[in-house]
Amino acid sequence: MIAAALATLLVAQTIEQRGFVEMRALAYPQAAKGDSGRLVGDALLRWEADVNATPWLRVSAAFDARTDTHRQVARDFSIDTDGRNLQRPAFSLRRLSATLHRGKFTAEFGRQFIRWGKADILNPTDRFSPKDYLSSVVDTDFLGVQAARITYESGADSIDVVWQPRFTPSRTPLLKQRWTVLPTDLAGVQLRDDGARYPGGSQYGIRWNHVTSAYEYSLSYFEGRQNLPSFDGTLLQAFPPAAAIARTYPRLRMVGADAAVPLPWFTVKAEAAHFGSATPDAQEYVLYVAQIERFVREWSFVGGYAGSVTTRPAMYPYQFAADRGVAKSFVGRAGLTIDANRSMAIEAAIRARGSFLRYEYAHAVGQHWRTTLGAAWIRGNMDDFLGQYRRNSYASVAIRYSF
Amino acid sequence: MSKLVLFLLACAAWAQDPRQIMVDVQKRQTSTSQRYEGTLEVLGGGNKIATKSWVFIRSGAFGNSKSRIQFLTPADVKGVGMLIVNHPDKASDQWMWRPNIGRDQRIALQDRSTRFFGTDFSFEDLEERDVDQYDFKLLGEENGTWKIESRPRKKSQYTLSYFWVRKDNLTFQKVEAHDQKGLVRVIDYKDYAQIGGILTARTTEVFDVRRNSRTILKYSKLEYNVPVRDDDFTLQALRRGL
């Protein structure tokens, strides 16, 4: 299918395309344990193209080429197609999919982006959207998945069926960089990164969405794997202590629902999911979000609470649980469109033992150029998911040329 | 003879019924579908600060139609889409599609005063409301136009609007939209031409009084009664793009 899609792309007479080149610099005022780098630069070229080959067939492709100063990007010339590298790939086929449409059916095959859920501050039901946490856990990007997605839409209802034959994990911070903070009980242990043990088998999910003028809601089911890893450790030697760690991905069964109800003063959005697991030692839990949203002229406001309840504790001591890490938090976001070219946004998450505040100002010049200034301030205790990154507050500047 | 006079008087009274004038304006613009490409220039304080363009398609009669907008430029908003489902008896339903997050987002009724992607149009300005959703009052005549006051019966950001309707061809010349604090927007319709048998403004100029900001929308490749499909006006269609 991918080869056929590529062939269609190559022989097409007209290609709709867009993209950008972005140079970004991040400055960290504080050094972190094991990572003294305080200035990180990266460059990204992203090219996206769409071809309407026939009235019922559309081929979409997106390609990334990137490099950086901090070895977060791999230094090889292979083209990544499955998102399984521990480092960010230098060249990546971010998306390559064929969308077929006939009547009430839309089908998309290939590497694509699938977003479920309605909330903005956390999406428990969004199971086909692994994220790239490699260079920040508070500012992430989505990764595409190889999947077949068939959507049937009739009037107020739509049913979305997704089958993902090959697992795509979320990309986690590198072991010896600042966004990995090792637990204190591993202090002094020599660690060897044994990579990941990716599960075989496929994942699937189904979502029913109902939309009316007064409200909209969805019910969803997912059977597959947690895309955030647990870390499996093997003791290599006792003196001096050394261990090998490998990422594993527990089984996951998600049953979830989301809803949006516009009320006279604001829109209420809620989303909740229960995560069960057939993997004996994996955690089982409920994640939920309730938020209100309001736009007032040039302003947008979103605020709410993200919570979690553990129904079965994990036996794995070490997990990268970014989804639960930002739960039990009050989260708010405000955005202001100053004029056609300028905007700013501020976002905050506050929990009992950790918090972050992120600010962003974007200024476009002409049709192509945009400068974005940002800053993130992270505070908290070392035993808190956010608080452990308290030495990772940063300021950033990005210059983007869009075409 | 007296019957003829009475009949003429009745006709004159009927012709100056403001609701009937608005119905006639609406009738003259009736088409089963429409498509155009729009170029928007946003001017702040008299200086051009942004240029955007979109493609617009509509299916169905005025006030009971479905329409879609999809941005073509600038590059960083290309693909951003809007689906508007108009209802004859209530405010429209609106959803926005942002390709960078891959999700549609409902625009709630109370959020419709928000400016649409940095232009001087609000989300509400993009919807069509049937004449039956307003109360009209004829205020008088000015320079060959009827000045008509309209007050929405349903929830709106505007408390009242003044329409100037040309008497010779029953087209809009200008609209002034007010809220509780006063004048909000002035919309001028210009550059009329016959397109597909419908007298059509090829330029719409929106002036946001409080921000001193102006957006000029110029229509090109405008066609009426073009073939469109029902499934072009769904949330899935927003995801697929135009």
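These values consider heavy atoms only, across backbone and side chains, with no hydrogens, waters or symmetry-generated copies. Every chain is numbered from 1, with letters handed out A, B, ... down the list of sequences.
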At what distance, to the nearest 0.5 angstrom, does [atom1] of [X] lie from [atom2] of [Y]?
X: A:Asp160; Y: B:Gln236; atom1: CG; atom2: CD; result: 6.5 Å
X: B:Arg112; Y: A:Phe295; atom1: CZ; atom2: CZ; result: 11.5 Å
X: B:Asp104; Y: A:Lys118; atom1: CG; atom2: NZ; result: 8.0 Å

Would a distance-only check, ignoring hydrogens and angles, find a side-chain to backbone donor-acceptor pair under 3.5 Å from [X] to [Y]?
X: B:Arg106; Y: A:Val211; value: no
X: A:Arg18; Y: B:Leu72; value: no
X: B:Arg240; Y: A:Thr99; value: no
X: B:Arg103; Y: A:Arg115; value: no

Could you tell me which non-hydrogen atom of [X] sits nearest to which non-hydrogen atom of [Y], and how far apart they are?
X: B:Arg239; Y: A:Thr151; result: NH2-OG1, 3.3 Å
X: B:Asp93; Y: A:Ser213; result: OD2-OG, 2.5 Å
X: B:Trp95; Y: A:Glu216; result: NE1-OE1, 3.1 Å

Under 4.5 Å from any heavy atom of chain B, what part of [X] do you find: side chain, backbone, both or neither?
X: A:Thr267; value: both
X: A:Arg297; value: both
X: A:Ile114; value: neither
X: A:Gln367; value: both
X: A:Arg370; value: side chain
X: A:Thr212; value: backbone
X: A:Phe403; value: backbone
X: A:Glu108; value: side chain

- Message: Contact between B:Lys78 and A:Glu16 at the side-chain level, heavy atoms closer than 4.5 Å - yes or no?
- Response: yes
- Heavy-atom distance under 4.5 Å to chain A: side chain of B:Asp76, backbone, both or neither? both
- Query: Relative to chain A, which segment of B:Asp208 carries a heavy atom at a distance below 4.5 Å: side chain, backbone, both, or neither?
  - Reply: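 When you check distances to chain A, only side chain atoms of B:Asp208 fall under 4.5 Å.
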- Message: Please rank A:Phe266, A:Phe113, A:Trp116, A:Trp299 by heavy-atom pairs under 4.5 Å with chain B and give me the top one.
- Response: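 Option with the top pair count is A:Phe266.
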- Message: Does B:Lys90 have more than 12 heavy atoms from other residues, nucleotides or ligands lying within 6.0 Å of its NZ?
- Response: yes
